[in-house]
K.L.:
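Encoded as structure tokens, here's the structure I'll be asking about.
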Amino acid sequence: QVQLVESGGGLVRPGGSLRLSCAYSGFRYDGYSIGWFRQAPGNEREGVSFIGRSSGKTFYTDSVKGRFTISRDNAKNTVYVQMNRLKPEDTAVYYCAAIGPPELDGSSWYVPPLYEYWGQGTQVTVSS
């Protein structure tokens with residue numbers, strides 16, 4: 001049974017930092033890439049970042065480039081996203097999602113229906 005569990009969300013002031021974690025388990029084989037998405041009330045789910053399992057390639061949506069960094073620890077089956085210089089517009093529920101090979105590229109990593117498995121989400125609120 002595949003499970004993705006997000007953690008690390010919370011309330012932070014503008015300019016602050018959070019690190020989200022996505023712990024995954026139960027994949028039948030190796031090779032799953034992980035994407036991070038977010039959804040604010042009234043908005044569509046938006047791709048935030050992606051890291052490829054095989055290539056280690058990373059992608060970011062423009063609004064977080066230079067502020068967010070995605071990484072993975074394969075030994076711990078965990079993917080992280082370090083979020084710095086947070087802004088109120090970063091407020092959303094953040095989800096991690098997994099997709100098997102072939103690895104997505106820059107034109108498709110942000111498309112939610114392509115992903116096979118989803119976590120339950122963690123709330124991030126940026127407010128003073």
K.L.:
Would you say the side-chain atoms of Asp90 pair up with the backbone N or O of Lys87, donor to acceptor, closer than 3.5 Å?
P.N.:
yes
K.L.:
Glu46 and Ser63: side-chain contact (heavy atoms from CB on, under 4.5 Å), yes or no, with the steps?
P.N.:
CA-CA 11 Å; Glu46 172 192 28; Ser63 63; 4.1 Å; yes
K.L.:
For Arg19 and Gln82, work out which heavy atoms get closest and say how close.
P.N.:
CB-OE1, 3.4 Å
K.L.:
Flag the pair Ile34 / Tyr117 as yes when at least one side-chain heavy-atom distance between them is below 4.5 Å, and no otherwise.
P.N.:
no
K.L.:
Could you walk me through whether Lys65 and Asp62 satisfy the salt bridge (Lys or Arg N to Asp or Glu O under 4.0 Å) test, starting with their C-alpha distance in whole Å, then the side-chain angles of each, then the deciding distance to 0.1 Å, before giving a yes or no?
P.N.:
CA-CA 5 Å; Lys65 285 179 181 177; Asp62 286 347; 3.0 Å; yes
K.L.:
Between Gln39 (side chain only) and Val93 (backbone N and O only), is there a donor and an acceptor less than 3.5 Å apart?
P.N.:
no
K.L.:
Do the non-hydrogen side-chain atoms of Tyr110 and Thr61 ever get within less than 4.5 Å of each other?
P.N.:
no
K.L.:
Given Met83, which of Val12, Ile70, Leu20, Val48 fulfils the side-chain contact (heavy atoms from CB on, under 4.5 Å) condition?
P.N.:
Leu20
K.L.:
State whether the number of non-hydrogen atoms from other residues, nucleotides or ligands found under 6.0 Å of Glu89 atom CD is greater than 12.
P.N.:
yes
K.L.:
A side-chain contact here means heavy atoms from C-beta on lying under 4.5 Å apart; do Tyr60 and Arg67 qualify?
P.N.:
no
K.L.:
Specify the closest pair of heavy atoms between Ser49 and Trp109, including all atoms of both residues, with the distance to one decimal.
P.N.:
N-CZ3, 3.3 Å
K.L.:
Less than 4.5 Å apart, any side-chain heavy atom of Thr91 and any of Gln123?
P.N.:
yes
K.L.:
One pair to check against side-chain contact (heavy atoms from CB on, under 4.5 Å): Ile99 and Leu104. What are the steps and the verdict?
P.N.:
CA-CA 8 Å; Ile99 180 170; Leu104 299 179; 3.8 Å; yes
K.L.:
Does Val81 share a hydrophobic cluster with Phe59, counting links as ILVMFWY side-chain heavy atoms below 4.5 Å and allowing steps through other members?
P.N.:
no
K.L.:
If you round to the nearest 0.5 Å, how far is CD of Glu6 from SG of Cys22?
P.N.:
5.5 Å
K.L.:
If you group Ile, Leu, Val, Met, Phe, Trp and Tyr by side-chain heavy-atom gaps below 4.5 Å, do Tyr32 and Val79 land in one group?
P.N.:
yes
K.L.:
Looking only at the side chains, is there a donor atom on one of Glu103 and Ser55 sitting less than 3.5 Å from an acceptor on the other?
P.N.:
yes
K.L.:
Quick check: Phe37 with Trp118 (ring centres under 6.0 Å apart)?
P.N.:
yes
K.L.:
Examine the side chains of Tyr24 and Arg72 and answer whether a donor and an acceptor come within less than 3.5 Å of each other.
P.N.:
yes
K.L.:
I'd like to check Arg13 versus Leu86 (side-chain heavy atoms, cut-off strictly below 4.5 Å). Are they in contact?
P.N.:
no
K.L.:
Tell me whether Val2 shares a hydrophobic cluster with Val5, the cluster being built from Ile, Leu, Val, Met, Phe, Trp, Tyr side chains joined at under 4.5 Å.
P.N.:
no
K.L.:
Side chains of Tyr95 and Leu4, heavy atoms from C-beta outward: is any pair under 4.5 Å?
P.N.:
no
K.L.:
Is the shortest heavy-atom distance from the side chain of Pro88 to the side chain of Ser127 under 4.5 Å?
P.N.:
no
K.L.:
Return the minimal non-hydrogen interatomic distance between Ser21 and Thr78, and the atom names on each side.
P.N.:
CB-CG2, 4.1 Å
K.L.:
Under a 3.5 Å cutoff, is there a donor and acceptor pairing between the side chains of Ser17 and Asn84?
P.N.:
yes
K.L.:
Should Val124 and Leu11 be counted in the same cluster of Ile, Leu, Val, Met, Phe, Trp and Tyr side chains packed under 4.5 Å apart?
P.N.:
no
K.L.:
Is the Lys NZ or Arg CZ of Arg38 less than 6.0 Å from the centre of Tyr94's six-membered ring, within 45° of the axis?
P.N.:
no
K.L.:
Check for me, please, whether Phe68 and Tyr80 land in the same ILVMFWY cluster - side-chain distances under 4.5 Å, paths through other members count.
P.N.:
no
